[in-house]
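Can you keep this structure in mind? I'll have questions shortly.
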Amino acid sequence: MSYLMPHLNTGWAVDQAILSEEDRVVVLRFGHDYDPTCMQMDEVLYGIAELVKNYAVIYLVDISEVPDFNTMYELYDPCTVMFFFRNKHIMIDLGTGNNNKINWAIPDKQEMIDIVETIYRGARKGRGLVVSPKDYSTKYRY
């Protein structure tokens, strides 16, 4: 579904997307369109794009086409989702230890909507770190 989502093809376009959005969360998916993890994440992001359009905007960034942010944001994973609000990187505590980004595919659309909504509500209050509505500290339920 990545071909239906807006792509940012230059570092300048990514900067402008983050800078120009005043009252919505900017969700950036860094990765490759052909990666299976990204395909799964893109499917979810495309499914929620219309539902969250009032408080979030979603863009896709190819990390080999736009390598400017790879070292700055430590984009070494095949698929990475990051959140920005009013030109500020919003961190989210998912219980995984890495609060900067989501680096796995979230298969459930409602979970992703909840995460984006939580980030929006926290960021509107001026928080730089929000706590996820679900704890992802254990990937497998025992």
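Keep in mind that what you see is a predicted model, and the values were worked out from it rather than measured.
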- Query: Between Thr37, Asp77, Thr96, Thr80, which is the residue that forms a side-chain hydrogen bond (donor to acceptor under 3.5 Å, both in side chains) with Asn103?
  - Reply: Asp77
- Query: Can you pull the salt bridge (charged side-chain N to carboxylate O under 4.0 Å, His left out) pairs that have at least one residue in residues 51-61, sequence neighbours excluded?
  - Reply: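 Every pair satisfying salt bridge (charged side-chain N to carboxylate O under 4.0 Å, His left out) with a residue in residues 51-61: Glu50-Lys53.
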- Item | ring-ring contact (aromatic ring centres under 6.0 Å, His included) partners for Tyr76, two or more places apart | none
- Co-members of the apolar cluster containing Met91 [side chain, <4.5 Å]: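 So far as hydrophobic clustering goes, Met91 is joined with Leu129.
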- Does a side-chain heavy-atom distance below 4.5 Å link Ile102 with Tyr136?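 No. Closest side-chain heavy atoms not under 4.5 Å.
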- If you link ILVMFWY side chains whenever their heavy atoms are less than 4.5 Å apart, which other residues fall into the same cluster as Val131? By chain and number, please.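 Under the 4.5 Å side-chain rule, Val131 groups with nothing.
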- Please report the shortest heavy-atom distance between Met41 and Ala105, naming the atom on each side. SD-CA, 3.7 Å
- Message: Please check this pair: side chain of Asp35 against backbone of Cys38, looking for a donor-acceptor N/O pair closer than 3.5 Å.
- Response: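 Yes: the side chain of Asp35 pairs with the backbone of Cys38.
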- Query: Looking at side-chain heavy atoms only, is the closest gap between Phe83 and His89 below 4.5 Å?
  - Reply: no
- Are any side-chain N or O atoms of Arg29 and backbone N or O atoms of Val81, one a donor and one an acceptor, separated by less than 3.5 Å? no
- Item | salt bridge (charged side-chain N to carboxylate O under 4.0 Å, His left out) contacts touching residues 57-74 (sequence neighbours left out) |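 Listed once each, the pairs would be none.
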- Query: How close do Pro107 and Val44 get, heavy atom to heavy atom, and via which atoms?
  - Reply: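 Result for this residue pair: O-CG2, 3.6 Å.
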- Search all heavy atoms of Ser64 against all heavy atoms of His32 and return the closest pair with its distance. OG-CE1, 3.1 Å
- Listed by chain and number, what are the side chain to side chain contact (heavy atoms under 4.5 Å, CB included) partners of Ala123, not counting sequence neighbours? Phe85, Ile90
- Item | side-chain hydrogen bond (donor to acceptor under 3.5 Å, both in side chains) involving Tyr120 - partner list, sequence neighbours excluded | Arg124
- When rounded to the nearest 0.5 Å, the distance separating CD1 of Ile58 from CE of Met5 is 4.5 Å
- Nearest-0.5 Å distance that lies between atom CE in Met39 and atom SG in Cys79: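 Interatomic distance, Met39 CE to Cys79 SG, rounded to 0.5 Å: 11.0 Å.
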- Item | Sequence neighbours excluded - side-chain hydrogen bond (donor to acceptor under 3.5 Å, both in side chains) pairs with any residue from residues 10-21 |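 Counting only pairs at least two positions apart or across chains, the side-chain hydrogen bond (donor to acceptor under 3.5 Å, both in side chains) contacts touching residues 10-21 are Glu21-Arg24.
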- Query: What residues form a side-chain hydrogen bond (donor to acceptor under 3.5 Å, both in side chains) with Lys88, not counting sequence neighbours?
  - Reply: none
- Item | Same apolar cluster (I L V M F W Y, side chains within < 4.5 Å links), Tyr34/Leu60 | no
- Looking at CG of Leu51 and CD of Glu117, how far apart are the two atoms once the value is rounded to the nearest 0.5 Å? 11.0 Å
- Cluster partners of Leu8, using ILVMFWY side-chain heavy atoms under 4.5 angstrom, listed by chain and number?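 Other cluster members: Val14, Ile18, Val26, Leu28, Phe30, Val57, Tyr59, Val61, Ile63, Val66, Phe69, Met72, Tyr73, Leu75, Met82, Phe84.
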- Item | salt bridge (charged side-chain N to carboxylate O under 4.0 Å, His left out) partners of residues 92-115, not counting sequence neighbours, each pair once |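 Residue pairs with at least one partner in residues 92-115: Glu111-Lys134.
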- Message: With no hydrogens and no angle check, just 3.5 Å: does a side-chain donor-acceptor pair link Asp135 and Ser137?
- Response: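 There is such a pair (donor and acceptor under 3.5 Å, judged by atom type) between the side chains of Asp135 and Ser137.
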- Query: Who pairs with Arg127 by side-chain hydrogen bond (donor to acceptor under 3.5 Å, both in side chains), at least two apart in sequence or on another chain?
  - Reply: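 Per chain and number, Arg127 pairs via side-chain hydrogen bond (donor to acceptor under 3.5 Å, both in side chains) with no residue.
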- Message: What verdict does the side chain to side chain contact (heavy atoms under 4.5 Å, CB included) test give for Met112 and Val52, after you've listed the backbone C-alpha separation in whole Å, the side-chain angles of each residue and the deciding distance to 0.1 Å?
- Response: CA-CA 10 Å; Met112 195 63 196; Val52 300; over 6 Å; no
